[in-house]
Amino acid sequence: MRLSRYFLPTLKEPPREAEIVSHRLMLRAGMIRQESAGIYSWLPLGHKVMRKIERIVREEQDRAGFVEMLMPTIQPADLWRASGRYEDYGKEMLRICDRHEREMLYGPTNEEMVTDILRVSVRSYRDLPKLVYHIQWKFRDEVRPRFGVMRGREFLMKDAYSFDVDKEAARRSYNRQFVAYLRTFERLGLKAIPMAAESGPIGGDMSHEFIILAETGESAVYCDRALVDMPVPGADIDYEGDLSPIVEAWTARYAATDDKYDAARFAAEVPAERRVTARGIEVGHIFYFGTKYSEPMGALVQTSDGSQVAGEMGSYGIGVSRLVAAIIEASHDEAGIIWPEAVAPFKVGLINLKSGDAATDKACEDLYGRLAKAGIEVLYDDSEERAGAKFTSMDLIGLPWQLIVGPRGLAAGEVEIKQRASGERVTLTPDAAIAKLAGRGNAGNTGI
Ligand code: 5CA
């Protein structure tokens, strides 16, 4: 992509309204624009990152055996009356009336709708488990939307739902998501720790929040350092096998958010040198709530002995749009964002130090074409800006690699590569630079 054809409205000055670094950087890097409190447009750079996150989330959901579907954003109020949550949800629910005076709402979550979908078509234990998910916009009329997309009113969520015949099977479905979350966050370059949590308005008696440690996190968290260093299951994990040893290993050690924190237990169970007291960002939350919705809504299944029981259910959320900000909180410096390669909007930023100079332009065009041909995503700064301004904005938008091309280097047959994360620079021939960025050759490690 040529910068001249892209839409990247970067800001020079840090915006005054932004209180946390991710919000400031997202606005400065031209990723989002606020349309009204807690509601944002996703500009091309922000949208590209969000799509990459979504893809990783989707791949890991599929791998865990959940099937994708798509439910609407607008739901009829009657569904929520059937579960008893229409009144309970209070002012956080955005209520809408259609032209026929029918009461509707913008969905804050989808337990009722999924239960309704499954109750009419799933009849027997033989049809179970049913494991589904969707990635859809939600609306919660938060009293105090803040921190940009971290706590928005409109936000993108992956929400999955499981429907099983008994508690034991429901536990297996819960474990699938638990393991899928460990893998998802690791692939996103994050260290997320599952913590015992309150289930709040979703309900149920077992729930874990997945929290990443960051100074600007909204909740205080307490955990055993051993969890920070615990290895995450690989891509070859067998989701049809017994996942309980993994879940047990991750839940055996102390980890809790402030609403479940027990100072005496923390002191007794965790040796002083391993006690981590920090702040955290909730990037995912999983719930087992049994028959909370299936019972009042009559979602019954026949068991193997012929009796009718209400389905055992769970729901599993990931804040996809929140993750864009959470990754920035976890990975930035004074100059700007440092994208982990897996979610970077482009892998390489190509900087032309002297646009208008025939030889430099030609060399850049050539490198741009060759990188594109090698399947590498490049953002080519072909603008007339000064070199200093180009460096500043490339550092701000945080692409993992910068390929810097100027007339002096070219005269010596050389270009420069800078790794954004380490600041390390190497001088190479154009051929070697392409090979390094394509992950070939011996010019260094291209993985972050
Ligand atoms: N129905 C359940 C699971 S599907 C549910 O709604 N869970 S939740 O309320 O915990 O939300 C799931 C995830 O969405 C949270 O972990 C968080 O990452 C994200 N999220 C929740 N509220 C917001 C918000 N206001 N802005 C951005 N992301 C949010």
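The model shown is predicted, which means the values in this text are computed figures rather than measured ones. For the numbers below, each heavy atom of this structure counts, side chains included, while hydrogens, waters and symmetry mates do not. As the structure lists them, so they are numbered: ligands from 1, and atoms in each ligand from 1. Numbers for residues simply follow the sequence, beginning at 1.
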Suppose I only count heavy atoms of [X] and a 4.0 Å limit; which atoms of ligand 1 are within that range?
X      : value
Val283 : 16 (O), 18 (O)
Gly317 : 3 (C), 4 (S), 12 (C)
Gly284 : 16 (O)
Val149 : 27 (C)
His285 : 10 (O), 16 (O)

Classify the side-chain pair [X]/[Y] by whether it contains a donor and acceptor separated by less than 3.5 Å.
X      : Y      : result
Ser162 : Tyr316 : yes
Tyr288 : Glu312 : yes
Asp258 : Ser219 : no

Report yes if [X] has an N/O atom closer than 3.5 Å to an N/O atom of ligand 1; otherwise report no.
X      : value
Asp159 : no
Glu142 : yes
Tyr161 : no

Taking the six-membered ring for Trp, are [X] and [Y] ring centroids under 6.0 Å apart?
X      : Y      : value
Trp250 : Phe178 : no
Tyr239 : Phe66  : no
His285 : Phe210 : no

Task: Side chain, backbone, both or neither: the part of Ile286 lying under 4.0 Å from ligand 1 by heavy atom - done: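 The answer is neither; Ile286 stays 4.0 Å or more away.
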
Rounded to the nearest 0.5 Å, how far apart are [atom1] of [X] and [atom2] of [Y]?
X      : Y      : atom1 : atom2 : result
Leu403 : Leu379 : CG    : CG    : 12.0 Å
Leu188 : Glu186 : CG    : CD    : 10.0 Å
Leu227 : Leu213 : CG    : CG    : 10.0 Å

Which option out of [options] puts a heavy atom nearest to [atom]?
atom                    : options                : answer
atom 22 (N) of ligand 1 : Phe155, Phe139, Tyr316 : Phe155
atom 16 (O) of ligand 1 : Glu111, Arg322, Glu282 : Glu282
atom 14 (O) of ligand 1 : Met157, Lys158, His134 : Met157

Can you tell me if [X] contacts ligand 1 (heavy atom of the residue under 4.0 Å from the ligand)?
X      : result
Met150 : yes
Asn110 : no
Ser321 : no

Open item on the list: Please check: side-chain N/O of Lys48 versus main-chain N/O of Leu43, any donor-acceptor pairing under 3.5 Å?
Closed with: no

